[in-house]
Asks: 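Please read through the structure below; I'll follow up with questions.
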Amino acid sequence: MKLEQLLSVLAPLRTIGSGDAEIASIGFDSRTVEAGQLFFAVRGNASDGHDYIDAAIARGAAGIVCERLPERPADGVTYVQVTDSSAALGRAASEFYGRPSEKLRLVGVTGTNGKTTTATLLYDLFRGLGYKVGLISTVIYRIDTEERPSTHTTPDSVRLNAMLAEMVARGCEYCFMEVSSHSIVQERIVGLHFTGGIFTNITHDHLDYHKTFAEYIKAKKRFFDELPAEAFALVNSDDRNGLVMTQNTRARVSTYALQRFADFRCRILENTPEGMLLEENGQQVWTRFLGRFNAYNLTAVYGAARLLGAGEEEMLRMLSTLTPVNGRFDTLHTPTGITAIVDYAHTPDALRNVIDTINELRNGAGRLIVVVGCGGDRDRTKRSVMAQIALEGADLVIFTSDNPRHEDPDAILAEMTAGMTPSSRWLCITDRRQAIRSAATIATQGDYLLIAGKGHETYQIIGDVRHHFDDKEEVRNAFGLTAAGLATKI
């Protein structure tokens, strides 16, 4: 592709050099630049791509897109000055890969909790309806049936458009993707054409990045502000910020709810240890999911499927066959009568939802033992909040390490338990493996054991290193079970 073919979407303030340069690829990491690449100097939180322009040229970059032009441009290299390199990268990536998001029906899911479940269930449902589908989620990326490891909830613009182009090439008609608040602010989704957007909820999270809750809301809202007029915006109207999301949207607005009147309304008719009987817009459907939070997720799936044109009868039949997502309420029933649950709950609201669901199931029988921690280098303001939620809902809480990254794990635990009165109802065990084993030892017949925070993750991040660590493996080992012992996902 000639550089001049990209200039229209780059909206340059100034260009130095020729537009005839042949562009073999585009990128923003100077360490991976290859001959003929168009290098984007992107400003990040930890580094500034402008500092690596010379390194990119040394590795063979044919062109540079930047916000600041160098004082002495290199010979034979074309420079394109733009207002925002990150946004320009998104537009260029879409153009370079043939605008793939316009060639399938792309639906984005945003919110604090429920993004992964909602996007994954939509993928499963439409696959069940006979379509080829793509998925971009926290847990896994899928191009039809091919699976790839997930590195980010929402990948960078280049990888994102490259995957969408592969989906188009393989005949995918739909793609369901999580849209994180980070990706919105960092312009990773600029240039994408969305058929629809779904808002699940917004609660306390990511204040380490956004600084204030108002800025966090603003980031989520921006996704809906930028939806095209022909798209749909499906929002949870039971969430007090649900309709805030669509105040300035051009998209067609629809709502879903369990409490308020809505376009798609759900009632929980039965909630048992085996699943829930739901009424979706007057139609009953049995599901294998538990908890009010999952009723919301399933109603979002129901509403989105209807807005995408799925027939109600066939869609409800498929809804009844869906199973929970990896790391979300994964349940192990031990031979000794203990129920262990591994869940990704890592925000205050998610932890409360899972604890409330377990307490409804046990209905006063047995005890609830919770093992939970908080990640390092992340929102510190939620630590004491999560600790208090765990203590309020459980009979015993073991506070432990959870991806400490560059922080001292003991210091994180001290923040979680700050101000808490010493009690026999809680203790700190820094080593997560030992915490899980201790909980398994304490648990007796009829007890429920919740291991919260990591869910699908198979690693523990200490410093910059990922060490293998899988909560499900640790639970099986603690109870002396084989992999086959993780018998059910309810």
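Residues: numbered from 1 along the sequence shown. The figures that follow rest on heavy atoms only: side chains count, while hydrogens, waters and symmetry mates do not.
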Asks: Is there a side-chain contact (heavy atoms from CB on, under 4.5 Å) between D124 and V325 once you walk through the steps?
Replies: CA-CA 10 Å; D124 291 339; V325 178; 5.8 Å; no
Asks: With no hydrogens and no angle check, is any side-chain donor or acceptor of S157 less than 3.5 Å from a backbone partner on R188?
Replies: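 Indeed, once roles are kept as given, a pair shorter than 3.5 Å links the two residues.
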Asks: Using distance alone, with no hydrogens and no angle criterion, decide if N294 and N297 have a side-chain donor and acceptor under 3.5 Å apart.
Replies: yes
Asks: Using modelled atom types only, decide if a donor and an acceptor are shared between the side chain of N236 and the backbone of T200 within a distance under 3.5 Å.
Replies: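 Yes, N236 side chain to T200 backbone: donor-acceptor pair under 3.5 Å.
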Asks: Does the Y97 side chain pair with the main chain of A92, one donor and one acceptor, at a distance under 3.5 Å?
Replies: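 Not confirmed, Y97 side chain does not pair with A92 backbone.
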Asks: Considering non-hydrogen atoms only, spot the tightest contact between F232 and L308 and give its length.
Replies: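 Heavy-atom minimum between the residues: CE2-CD2, 3.8 Å.
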Asks: Could you tell me if D238 and Y296 have a donor-acceptor pair between their side chains, going purely by distance under 3.5 Å?
Replies: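 A donor-acceptor contact under 3.5 Å links the two side chains.
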Asks: Parallel, tilted or perpendicular for F194 and F223, by the 30°/60° rule?
Replies: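 Aromatic pair F194/F223 classed perpendicular.
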Asks: Hey, is the main chain of R405 close enough, under 3.5 Å, to the side chain of N403 for a donor-acceptor pair?
Replies: no
Asks: Does some side-chain heavy atom of L122 sit less than 4.5 Å from a side-chain heavy atom of L135?
Replies: no
Asks: For I389 and P348, which heavy atoms make the closest approach, and how far apart are they?
Replies: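 Looks like CD1-O, 3.4 Å.
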Asks: Using modelled atom types only, decide if a donor and an acceptor are shared between the side chain of R265 and the backbone of R260 within a distance under 3.5 Å.
Replies: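 The answer is yes, because a donor-acceptor pair under 3.5 Å joins these two groups.
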Asks: Quick check: do I136 and E178 have side-chain heavy atoms less than 4.5 Å from each other?
Replies: no
Asks: Report yes or no: does R105 contribute a side-chain atom to a donor-acceptor pair with the main-chain N or O of E173 at less than 3.5 Å?
Replies: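 Pair absent, no side-chain N/O of R105 close to backbone of E173.
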Asks: I'd like to know if K454 and D470 make a salt bridge, using a cut-off of under 4.0 Å between side-chain N and carboxylate O.
Replies: no
Asks: Consider only side-chain N and O atoms of H456 and N326, and report whether a donor and an acceptor are under 3.5 Å apart.
Replies: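 Not at all, the side chains of H456 and N326 share no donor-acceptor pair under 3.5 Å.
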Asks: Tell me, please, which residues at least two apart from F28 pass ring pair (Phe, Tyr, Trp, His ring centres under 6.0 Å).
Replies: none
Asks: Would you say the side-chain atoms of E67 pair up with the backbone N or O of S85, donor to acceptor, closer than 3.5 Å?
Replies: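 Side chain of E67 to backbone of S85: a pair is present.
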Asks: Would you say that T287 contacts L322 through its side chain, given a criterion of any heavy-atom pair below 4.5 Å between the two side chains?
Replies: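 Answer no - side chains too far apart.
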Asks: Filter on salt bridge (charged side-chain N to carboxylate O under 4.0 Å, His left out), then keep only pairs touching residues 156-167, sequence neighbours left out; what's left?
Replies: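 Every salt bridge (charged side-chain N to carboxylate O under 4.0 Å, His left out) pair that includes a residue of residues 156-167, provided the two are not neighbours, is R148-E166, E166-R170.
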Asks: Could you tell me whether the side chain of K382 and the main chain of H346 form a donor-acceptor pair under 3.5 Å?
Replies: yes
Asks: Is it true that, when you exclude R222 itself, more than 12 heavy atoms of the residues, nucleotides or ligands shown sit nearer than 6.0 Å to its CZ?
Replies: yes
Asks: Do you know the tightest heavy-atom contact between T154 and V179?
Replies: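 Reported closest heavy-atom pair: OG1-CA, 3.5 Å.
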Asks: So which heavy atom on C266 is nearest to which on T299, and how close?
Replies: CB-OG1, 3.0 Å
Asks: Regarding D349 and T112, do their side chains bring together a donor and an acceptor under 3.5 Å, going by distance alone?
Replies: no
Asks: Could you tell me whether D48 and R68 make a salt bridge, using a distance below 4.0 angstrom between a side-chain N and a carboxylate O?
Replies: yes
Asks: Compare every heavy atom of C175 with every heavy atom of M167, then report the nearest pair and how far apart it is.
Replies: SD-SG, 3.6 Å
Asks: What is the minimum heavy-atom distance between T246 and V253, and which atoms define it?
Replies: CB-CG2, 3.8 Å
Asks: Any side-chain heavy atom of E280 sitting closer than 4.5 Å to one from E312?
Replies: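 Side-chain contact under 4.5 Å: no.
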Asks: Taking NZ, NE, NH1 and NH2 as the nitrogens, is one of them in D356 or R292 under 4.0 Å from a carboxylate oxygen of the other?
Replies: no
Asks: In plain terms, say whether E146 and R142 are close enough for a salt bridge, that is, a side-chain N and a carboxylate O under 4.0 Å apart.
Replies: no
Asks: Report yes or no: does S150 contribute a side-chain atom to a donor-acceptor pair with the main-chain N or O of S137 at less than 3.5 Å?
Replies: yes
Asks: I'd like to check T357 versus F293 (side-chain heavy atoms, cut-off strictly below 4.5 Å). Are they in contact?
Replies: yes
Asks: Keeping the roles fixed (side chain from E407, backbone from D377), state whether a donor-acceptor pair exists under 3.5 Å.
Replies: yes
Asks: Going by the rule ring pair (Phe, Tyr, Trp, His ring centres under 6.0 Å), which residues pair with Y131 if we only count those two or more places apart in sequence or in a different chain?
Replies: F126, Y174
Asks: For residues T153 and T138, is any side-chain donor paired with an opposing acceptor at under 3.5 Å?
Replies: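 Yes, T138 and T153 have a side-chain donor paired with an acceptor closer than 3.5 Å.
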